[in-house]
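The chain is numbered in sequence order, starting from 1. Model, not experiment: these values are computed from the prediction.
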Amino acid sequence: MRVFVTGATGWVGAAVVADLIAAGHQVLGLCRSTDKATALAAAGAEVHYGSLQDLESLKRGAERADGVIHLAFNHDFTNFAQNGADERRAIAAIGEVLVGSGRPLVVASGVALLAPGTLATEQTPTRPESEAFPRNPEAAAAALRASGVQVTAVRLAPSVHGHGDHGFVPRLIQLAREKGVSPYIGDGLNRWPAVHRVDAARVFRLALERGAEGGPFHAIAEEGVPFRDIAAVIGRRLDVPVVSQTAEEAAQHFGWFTRFAAIDCPAASAHTRALLGWAPTQPGLLADLDHPAYFTV
């Protein structure tokens, strides 16, 4: 297949591109800048210049492809509402091209807010639209499905880890290094599901090869890693105290990140493993985190 990939140079996207090419597919990767285009071309993909805001570029990319994987998103939380709106328009624009064609579209989603405090499965419905968290790619995908697009979602863990990670776990490390303590909130038993980016990438490919049927899928290797275990590895590696904090103390330590440090969102992937034949092969979060690569300044 020739696959159009948005977010092709991102943390997960680059792994998806590599997995697709290794499996024999051709990749047309969306790219905004020449410096990233060089890396994308070196990986073996064809560069397609454009952005989420350039809807015509998205339509042209989709027109040239046998299937689309959508991963691009601007994670600037200071402008989250606008970024969510941009993504909705981007998914709709891609979908316009795919209506009635049978060509599959796979969009990236997440499990963090599906069912806090309980085990989320692939059968757990997506959360309703909310001004508090104005991003819902599954709602955009559902609208396309109703209009005749073969579309599904791959839900990602909050922590998609691996060496070179620049997401949630490095943020925890940075805060612990700056403040001299690695805390957890209360008993620290709130759980983060996790997946290595190489394993996550394979779910996207398998979902696309299946024609985007049978989803949503969960790219979840570990159902729930207790947050205090993550804090413990960070504390040992940085040689700083690992402590329990109250909600008020945690707000001072984590700032805007407190809601993520406190979230309890275990998630399962039995349906995904059975339907796609997916079996994670990479190290788990704690083993991956317990490596100098995560602590190199």
*May I ask you to decide if V97's main-chain N or O and S101's side chain share a donor-acceptor pair within less than 3.5 Å?*
no
*Should V154 and F4 be counted in the same cluster of Ile, Leu, Val, Met, Phe, Trp and Tyr side chains packed under 4.5 Å apart?*
no
*More than 12 foreign heavy atoms under 6.0 Å from CZ of R60: is that the case here?*
yes
*Inspect the contact between E209 and R205 and indicate whether a charged nitrogen and a carboxylate oxygen are less than 4.0 angstrom apart.*
yes
_Rounded to the nearest 0.5 Å, what separates atom OG1 in T9 from atom CG in L30?_
8.5 Å
_Could you check whether D290 pairs with R237 (Lys NZ or Arg NE/NH1/NH2 to Asp/Glu carboxylate O, under 4.0 Å)?_
yes
*So, do F257 and F168 have ring centers that fall under 6.0 Å from each other?*
yes
*Y294 vs D288 side-chain heavy atoms within contact, under 4.5 Å*: yes
*asked:* Is it true that, when you exclude K36 itself, more than 12 heavy atoms of the residues, nucleotides or ligands shown sit nearer than 6.0 Å to its NZ?
replied: no
*Between the side chain of R32 and the main-chain N/O of G50, is any donor-acceptor distance below 3.5 Å?*
no
_Less than 4.0 angstrom from a charged side-chain N to a carboxylate O is my criterion; do R155 and E138 meet it?_
yes
*Is the backbone N or O of M1 less than 3.5 Å from a side-chain atom of H25, with the two atoms forming a donor-acceptor pair by type?*
yes
*Flag yes if more than 12 heavy atoms outside D35 fall under 6.0 Å of its CG atom; otherwise flag no.*
yes
*May I ask you to decide whether R191 forms a salt bridge with E223, counting only side-chain N to carboxylate O separations under 4.0 Å?*
no
*Have E213 and Q150 got a donor and an acceptor in their side chains that come within less than 3.5 Å?*
yes
*Taking the side chain as C-beta and beyond, is there a heavy-atom pair between S244 and Y184 under 4.5 Å?*
yes
*Shortest non-hydrogen contact from L71 toward G13*: CD1-CA, 3.6 Å
*In terms of hydrophobic clustering (I, L, V, M, F, W, Y; side-chain heavy atoms under 4.5 Å; direct or indirect links), are V111 and L285 co-clustered?*
no
*For S182, enumerate each residue passing the side-chain hydrogen bond (donor to acceptor under 3.5 Å, both in side chains) test, keeping only those at least two apart in sequence or located in another chain.*
none
*asked:* Taking V3's backbone N and O only, do any of them form a donor-acceptor pair with D66's side chain (distance below 3.5 Å, no angle check)?
replied: no
_Quick one about Q282 and H161 (side-chain donor to acceptor, distance below 3.5 Å, no hydrogens or angles considered), yes or no?_
no
*If you take all heavy atoms of I220 and A267, which pair is closest and at what distance?*
CG2-O, 3.3 Å
*asked:* Please check this pair: side chain of K179 against backbone of H253, looking for a donor-acceptor N/O pair closer than 3.5 Å.
replied: yes
*Any idea which heavy atoms bring W192 and V169 closest together, and the distance?*
CZ3-CG2, 4.4 Å
_Nearest 0.5 angstrom please: H271 NE2 to L276 CG, how far?_
7.5 Å
*Search all heavy atoms of T6 against all heavy atoms of A72 and return the closest pair with its distance.*
OG1-N, 3.2 Å
*Using atom types as modelled and distance alone, determine if a side-chain donor or acceptor of R202 lies under 3.5 Å from a backbone N or O of A279.*
yes
*Check A268 against L119 and note the closest heavy-atom contact, atom names and distance.*
N-CD1, 3.8 Å
*Could you check if a side-chain atom of L28 sits within less than 4.5 angstrom of a side-chain atom of V5, using non-hydrogen atoms only?*
no
_Donor + acceptor pair across side chains of H218, T272 (<3.5 Å)_ = no
*Report the relative orientation of the aromatic rings in H291 and H163; use parallel for angles under 30°, tilted for 30 to 60°, perpendicular for over 60°.*
tilted
*asked:* Other residues, nucleotides and ligands only: do more than 12 of their heavy atoms fall within 6.0 Å of CD on E249?
replied: yes
*Hey, are the side chains of V16 and V27 touching, using non-hydrogen atoms and a 4.5 Å cut-off?*
no
*Any chance you could pull the hydrophobic cluster mates of V181, using side-chain heavy atoms under 4.5 angstrom and chaining through other members?*
V243
*Check the side chains of R171 and Q174 for a donor-acceptor pair under 3.5 angstrom, ignoring hydrogens and angles.*
yes
*Under 3.5 Å, is there a donor-acceptor pair between the side chain of N190 and the main chain of A261?*
yes
_Heavy-atom closest pair, residues P137 and V107_ = O-CG2, 4.3 Å
*Less than 4.0 Å between a side-chain N and a carboxylate O, is that true for R197 and D165?*
no
